[in-house]
Student: 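Structure below; questions to follow.
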Number of protein chains: 2
Amino acid sequence: MPSASHYPCEPSRQFRRHQHLARSDEPCEQIYRIDEGWACRYALLGSGRRQITALYLPGEYCEPHWLFERRSRAPVIALTNVRAALVPIDSDGSGVQVRETPKLIAAMVKLLNRQSEWIAALGRKTAVERVCAVLFDIFERLRLVGRTNGDICPMPLTQVDLADVVGLTPVHVNRVLKELRGRGILELQGKRMRLPDPVILNKFGEAKIAPG
Amino acid sequence: MPSASHYPCEPSRQFRRHQHLARSDEPCEQIYRIDEGWACRYALLGSGRRQITALYLPGEYCEPHWLFERRSRAPVIALTNVRAALVPIDSDGSGVQVRETPKLIAAMVKLLNRQSEWIAALGRKTAVERVCAVLFDIFERLRLVGRTNGDICPMPLTQVDLADVVGLTPVHVNRVLKELRGRGILELQGKRMRLPDPVILNKFGEAKIAPG
DNA sequence: CGGAAGCTTGATATAAGTCAAGATCCGTGG
DNA sequence: CCACGGATCTTGACTTATATCAAGCTTCCG
């Protein structure tokens, strides 16, 4: 695995769990590429409601659209300890990020598509479907960057975090997880999860029909 | 109606209500700019569930991210009769769309931000809050392009359409609208709506607290 | 080891969904 | 111009998925 050590000049930063990578309405000085750990963008609403609006896993660019914005629109926080490379933003277009621009745009498009999917999930899927959908999505994204081991992958999210992703109560997430465990679709131990049958899990999560 | 005649060379197309502007998994040959009427992107799930994942109003680019994609990911349909200009896509970068690229990217970023907001709404807002949020958003977007008249604006969405935007049942949307009408926050007649007090409506819809 | 954070479970409450019927609106063909 | 029929809206009665409240348990870090 030819990791970050190939780019010894590339600056990177560490964040501890619960530390902010960015707050709302701050100038966008650089974009992060997550090398280790998980982060998320979120929104806070009245009476303590929180919704996670994007999840950022290792290997992914965090907030690629900052390339085109002056200020952040939402806070970004570390869900685990995080190490992230810094992609500088030069608005004049002559900076180092030019090399990265196509990748950042591709990341933006992916984000857009993923968010569209998630709108459909939050609007129309049941609790079980939503939980299956995120878990499957997480597994696939980790697999893409070689972070899975057979049918096992890291799963450092707290049930509270998960609830804020799927728009449910932590208590209800707990019950859904219990049911999935009961059906043998899911195993959780420590900060890892095992998906003995991703195909079934995906079926549960997709809830899809033929394209329109 | 002296509209499109100003740009006799710019091709444009008409769609009738319920006609598809695009289907899922088709090649992206051009991007539309809506000149008249409303359209939406949507997703279909099992057992007849539909979720609208983006709303496109007059003056807005429809699916700007197609600039960077080979094939559409979701169907787009006309919610009213629509007239839309065609923005051609030349992947070699020498075509007419170069002039439009910055605007398309700006539209993409806006879409991304709007979708993030909407994820928070679907995940954590109540029915009343969601309905207020869309109605206010619609009003503001129309105001931006000069399509409002005082506190009145077009509102051609059916209650079923609205339900598919806010992720609720048509019956429940009906009840929410009734309540808002009762509180004097909203008037609906024909295909127009009146928002006597947008500030109050916005309060109802925001449900926000200080940024993190 | 002690204490906080996280997990689990039961009992109960509530927002929103479902089903069903009737009323109204509206476009179309006679 | 009218009348018809389908789409849309409205309302009531009842159901259900998920939330809320509360308590005990477990894990893990310092």
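Every chain is numbered from 1 and lettered A, B, ... according to where its sequence line falls, protein lines coming before strand lines.
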Student: Using distance alone, with no hydrogens and no angle criterion, decide if A:Glu63 and A:Ser72 have a side-chain donor and acceptor under 3.5 Å apart.
Tutor: no
Student: When you match A:Pro170 and B:Leu157 each to their closest nucleotide on DNA chain D, which lands nearer the 5' end?
Tutor: B:Leu157
Student: Begin with the C-alpha distance, continue with both residues' side-chain angles, and end with the deciding distance and a verdict on side-chain contact (heavy atoms from CB on, under 4.5 Å) for A:Trp118 and A:Val165.
Tutor: CA-CA 10 Å; A:Trp118 202 236; A:Val165 173; 4.1 Å; yes
Student: Roughly, in whole Å, what's the span from CG in B:Leu177 to C1' in D:dT11?
Tutor: 14 Å
Student: Strictly below 4.0 Å: does A:Arg181 bring a side-chain N or O up to OP1 or OP2 of C:dT8?
Tutor: yes
Student: Looking only at side chains, do A:Arg41 and A:Thr53 share a donor and an acceptor under 3.5 Å apart?
Tutor: yes
Student: Can you check the B:Lys191 NZ to C:dG27 P distance for me, whole Å?
Tutor: 8 Å
Student: Of all the nucleotides listed (D:dT10, D:dT20, D:dT11), which has the minimum atom distance to the side chain of B:Arg175?
Tutor: D:dT11
Student: What is the distance, to the nearest angstrom, from the CZ atom on A:Arg17 to the P atom on C:dA4?
Tutor: 16 Å
Student: Starting from the 5' end of DNA chain C, give me the residue, A:Val171 or B:Val171, whose nearest nucleotide shows up first.
Tutor: A:Val171
Student: Taking NZ from B:Lys178 and P from C:dA23, how many angstroms apart are they, rounded to a whole number?
Tutor: 16 Å
Student: Check the distance between D:dA7's P and B:Asp161's CG and give it to me in whole angstrom.
Tutor: 14 Å
Student: Side chain of A:Leu168, heavy atoms from C-beta onward: which of D:dA22, C:dG6, D:dA19 has the nearest atom to it?
Tutor: D:dA19
Student: Using whole Å, report how far CG of A:Leu188 lies from P of D:dT26.
Tutor: 18 Å
Student: Using heavy atoms to find the nearest nucleotide of DNA chain D for B:His18 and A:Lys125 separately, return the residue whose nucleotide is more 5′.
Tutor: B:His18
Student: It should be established whether A:Gln159 places a side-chain nitrogen or oxygen under 4.0 Å from OP1 or OP2 of nucleotide C:dA5.
Tutor: no
Student: Roughly, in whole Å, what's the span from CG in B:Asn174 to P in D:dA13?
Tutor: 16 Å
Student: Within this structure, what is the CE-to-C1' distance between B:Met155 and D:dT8, rounded to whole angstrom?
Tutor: 13 Å
Student: Check whether any side-chain N or O of B:Thr158 sits under 4.0 Å from OP1 or OP2 of D:dA7, and answer yes or no.
Tutor: no
Student: Between B:Asp151 and B:Arg194, is there a donor-acceptor pair closer than 3.5 Å when you use the side chain of the first and the backbone of the second?
Tutor: no
Student: Any side-chain donor-acceptor pair under 3.5 Å between A:Asn174 and A:Gln159?
Tutor: yes
